[in-house]
Novice: 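Would you mind keeping the following structure in view while I ask a few things?
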Amino acid sequence: MSTVIWCIICLLAGIAIGFFVARYVTKRELKKNPPINEKMIRAMFREMGRKPNEAQIRRIMKNINSQYK
């Protein structure tokens, strides 16, 4: 009976530790290699037929970066 309880406790601890480690690694990788950069934003604006100014690009980058913190 106590072996089953210990197995369940270890399983739950492993899941919790794995979750936090995976979350930390993912955040670190997204900070190093963001999925979108300023060149991509400029290209999206050009495809829409607009010419973006620096303020727009900086505002978009700020919004994107604030989501990863």
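The analysis underlying the following values was restricted to heavy atoms, covering all of them including side chains, and did not include hydrogens, waters or symmetry mates. On a predicted model such as this, the values are computed, not experimentally measured, just so you know.
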Novice: Give, for atom NZ of Lys27 and atom NZ of Lys31, the distance between the pair rounded to the nearest 0.5 Å.
Specialist: 8.0 Å
Novice: Looking at every non-hydrogen atom in both residues, tell me the closest pair between Met40 and Pro35 and how far apart they are.
Specialist: SD-O, 3.7 Å
Novice: Can you tell me how far CG of Asn63 sits from CZ of Arg58, rounded to the nearest 0.5 angstrom?
Specialist: 14.0 Å
Novice: Spell out, as yes or no, whether a donor-acceptor pair under 3.5 Å connects the side chain of Gln56 to the backbone of Asn53.
Specialist: yes
Novice: Write down the atom of Ile36, the atom of Met61, and the distance for their closest heavy-atom approach.
Specialist: O-CE, 4.0 Å
Novice: Check whether Ile57 and Met48 end up in the same hydrophobic cluster, where Ile, Leu, Val, Met, Phe, Trp and Tyr are linked by side-chain heavy atoms less than 4.5 Å apart.
Specialist: yes
Novice: To the nearest 0.5 Å, tell me how far Arg42 CZ sits from Lys51 NZ.
Specialist: 9.0 Å
Novice: Do you reckon Val4 sits in the same ILVMFWY cluster as Leu12, going by side-chain contacts under 4.5 Å, direct or chained?
Specialist: yes
Novice: Working to the nearest 0.5 angstrom, can you tell me the gap between Ile64 CD1 and Asn37 CG?
Specialist: 9.5 Å
